[in-house]
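A short write-up of the structure that comes next.
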Amino acid sequence: MLILSLETSCDETAVAIVQAQKNKSKTLANVVSSQVKLHAEWGGVVPNLAAREHLKNITPVLNEALEIAKLKLSDIDLFAVTNGPGLIPALLLGVNSAKALSYFQQKPLVGVHHIAGHILSAFFDEQLNFQISPEQFPLLTLTVSGGHTQLIYSKQPFAFQIIGETQDDAAGEAFDKVAKILNLGYPGGPLVSQLADNYIRKNKINLNKLDKQTNSPSQKKLFPRPMLNKPNFDFSFSGLKTAVLYHSQKNNLSSQESKEKICFEFQEAVVDVLVTKTIRALKKYPAKTVSLAGGVSANTRLRTKLQNAIEKEGLALKMPPLTLTGDNAVMIAIAGYYKYLYYKQSNKLKIPRNNWKNLDADANLKLKPLCIKIA
Ligand code: KG4
Ligand code: ZN
């Protein structure tokens, strides 16, 4: 089945084409046009500017994807689009474009939850081939992006159950705000992470050794580990960001060296909480596979520390290739495929056939569990 997908929930205009089969799929095109430079000027994403850019970009990006895949629109069997959560003016552009495509091509359309896409992104390899099997479930996913920080348990494919989430800022949002406090630029995640890496390199910090000492009370920690003493699987990063702000105000922050130290200590605090809570969640929600997803999954320290911790539990960690950590339409195509299978298996194919007129964009769309036989 050939699926063409659109993703416009935030500041990337993305179109992908995926040739999907039940548990083995191939990416034929993956085009992402990023608006990062435009929004950097404002220190964050401006929703109406994002929508204007999506309007400009959507047709060229769509044409480029079709050219790369050497296909025509009439070859496509199914259209998929992110219909939430996200910025409403941005989402509307993608949803309305997808509805027009579905109407004119008379092909079904499915709406995809953005986070369902991120969750599935961990099952792509470097060549952007996708593979998943029922034996990999139950699955525990840590989703960390600019808008979300959640632990999601899927006992079977794809019975998404949110077992913990942030009570305030998302992890990526905290990275972005710390970058703002330190005047580093936007988006902050990669910049903070780069400065933290400089600090590790310059101070020859042995991270393996550091991780072995993590729980020793003698280890000094500059910043708090929020919610770590709570028995639930929720997170909170807003206080940590404030701790960085107070520390920066109290100390002289003009030198690059002190900024690098703060970035390192801040990253340690975030990663420590994310990894510890994920491992704790495994005790209550036993899983065969753990996965990491979302924009912050590009963070090297998080990838390595979580991988080591998961391996210690005798499990495998699935992570998206670096090309798919941020927003993209490949993950939306595959999530769209499984959504279509869900409709098919539950005799509801009327819904995707009528979505050209019925599909709505929803800024606060809830992640719903689906029950799908994938083999
Ligand atoms: O998934 P994503 O592209 O968009 C949303 O759905 O929100 O995530 C973007 C977030 C931003 O907050 C960005 O700063 C963060 O991911 N990010 C990172 C890194 N790369 C991107 N955070 C920490 N370390 C990174 N290397
Ligand atoms: Zn995202």
Side-chain angles (χ1 to χ4, degrees), residues 5-14 16 32-36 39-40 43-45 47 50 81-87 90-91 94 112-122 141-150 152 165-166 169-182 184-200 237-238 240-241 244 263-264 266-275 291-306 319-332 335 363-365 367:
S5 55
L6 311 178
E7 154 64 45
T8 65
S9 66
C10 193
D11 59 346
E12 330 277 354
T13 317
V32 181
S33 165
S34 174
Q35 308 171 7
V36 156
H39 297 287
V45 181
V81 64
T82 308
N83 67 323
L87 307 168
L91 284 167
V112 172
H113 192 284
H114 184 76
I115 297 301
H118 274 304
I119 294 173
L120 293 182
S121 70
T141 308
L142 172 66
T143 313
V144 271
S145 72
H148 291 82
T149 299
Q150 294 176 321
I152 298 168
E165 61 191 329
T166 183
D169 291 353
E173 192 179 352
F175 268 93
D176 294 337
K177 286 179 176 169
V178 164
K180 213 169 197 174
I181 294 169
L182 300 177
L184 300 180
Y186 175 86
L191 300 164
V192 169
S193 148
Q194 198 184 327
L195 262 63
D197 284 348
N198 292 349
Y199 186 81
I200 295 167
F237 294 108
S238 160
L240 178 56
K241 164 205 73 193
V244 172
C263 289
F264 169 74
F266 163 76
Q267 182 174 276
E268 284 305 298
V270 175
V271 171
D272 197 4
V273 175
L274 291 174
V275 173
S291 66
L292 175 65
V296 186
S297 71
N299 186 281
T300 315
R301 177 66 171 133
L302 176 60
R303 288 173 89 92
T304 319
K305 186 160 171 153
L306 189 59
M319 293 184 276
L322 289 175
T323 33
L324 297 186
T325 54
D327 290 346
N328 65 82
V330 177
M331 65 186 195
I332 302 305
N364 302 308
L365 189 68
L367 182 64

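Atoms within each ligand, like the ligands themselves, are counted from 1 in listed order.
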Item to check | Contacting atoms of ligand 1, where contact means under 4.0 angstrom from a heavy atom of Gly146 | outcome: 5 (C), 7 (O), 8 (O), 9 (C), 10 (C), 12 (O)
Checklist entry - Among Leu302, Leu292, Leu142, Thr304, which residue meets the side chain to side chain contact (heavy atoms under 4.5 Å, CB included) test with Val275? => result Leu302
Checklist entry - If we only count N/O pairs under 3.5 Å, is Thr325 in contact with ligand 1? => result no
Checklist outcome for this item: Near His118 (heavy-atom distance under 4.0 Å), the atoms of ligand 1 are 1 (O), 6 (O)
Checklist entry - N/O of Pro187 under 3.5 Å from N/O of ligand 1, yes or no? => result no
Checklist entry - Within a strict 4.5 Å, meaning less than it, do heavy atoms of the Ser193 and Gln267 side chains meet? => result yes
Checklist entry - For atom 18 (C) of ligand 1, what is the nearest protein heavy atom, given as residue, atom name and distance? => result Gly189 CA, 3.5 Å
Checklist entry - Under a 4.5 Å cut-off applied to non-hydrogen side-chain atoms, are Leu274 and Leu306 in contact? => result no
Next on the checklist: Does any part of the side chain of Pro320, heavy atoms only, come nearer than 4.5 Å to the side chain of Ser297, both counted from C-beta?
Outcome noted: yes
Checklist entry - For Gly326 and ligand 1, does the shortest N/O to N/O distance drop below 3.5 Å? => result no
Checklist entry - Which atoms of ligand 1 have any heavy atom of Ser145 under 4.0 Å away? => result 1 (O), 5 (C), 6 (O), 7 (O), 8 (O)
Checklist entry - If we only count heavy atoms from C-beta on, is the Ser145 to Val296 side-chain gap below 4.5 Å? => result no
Checklist entry - Hey, is Cys10 one of the residues with a heavy atom under 4.0 angstrom from ligand 1? => result no
Next on the checklist: Suppose we measure from atom 24 (N) of ligand 1 to each protein heavy atom; which comes out shortest, and what is that distance?
Outcome noted: Asn299 ND2, 3.0 Å
Checklist entry - Short list, please: which atoms of ligand 1 are under 4.0 Å from a heavy atom of Gly172? => result 12 (O)
Checklist entry - Which bit of His148 is near ligand 1, meaning a heavy atom under 4.0 Å away: side chain, backbone, both or neither? => result neither
Checklist entry - Has ligand 1 got any nitrogen or oxygen that is less than 3.5 angstrom from a nitrogen or oxygen of Gly294? => result no
Checklist outcome for this item: Exactly one of Asn299, Asp169, Leu184 clears side chain to side chain contact (heavy atoms under 4.5 Å, CB included) with Phe175, and that residue is Asn299
Checklist entry - Any idea which atoms of ligand 1 are less than 4.0 Å away from a heavy-atom of His114? => result 6 (O)
Checklist entry - Just how far is it from atom CZ of Phe266 to atom NZ of Lys177, taken to the nearest 0.5 Å? => result 10.5 Å
Checklist entry - Counting backbone and side chain alike, does His114 bring an N/O/S atom below 2.8 Å of the Zn ion (ligand 2)? => result yes
Checklist entry - Considering only heavy atoms from C-beta outward, does the side chain of Arg303 approach that of Thr325 to under 4.5 Å? => result yes
Checklist entry - Below 3.5 angstrom, do we get any N/O pair linking Phe175 and ligand 1? => result no
Checklist entry - Between Ser33 and Gln35, is any side-chain donor less than 3.5 angstrom from a side-chain acceptor? => result no
Checklist entry - Given that the side chain starts at C-beta and the backbone is N, CA, C, O, which of these parts of Asp327 lies under 4.0 Å from ligand 1, counting heavy atoms, or is it both or neither? => result both
Checklist entry - By number and element, which atoms of ligand 1 are closer than 4.0 Å to a non-hydrogen atom of Gly147? => result 7 (O)
Next on the checklist: Which residue and atom name correspond to the protein heavy atom nearest atom 21 (C) of ligand 1, and how close is it?
Outcome noted: Gly295 O, 3.4 Å
Checklist entry - Of all the atoms in Cys10, is at least one N, O or S atom closer to the Zn ion (ligand 2) than 2.8 Å? => result no
Checklist entry - Cut-off 3.5 Å, side chains only: do Thr82 and Glu7 have a donor facing an acceptor? => result yes
Item to check | Atom pair SG/CG of Cys10 and Asp327 - distance to nearest 0.5 Å | outcome: 6.0 Å
Item to check | Side-chain heavy-atom pair Asp176, Tyr186 within 4.5 angstrom cut-off | outcome: yes
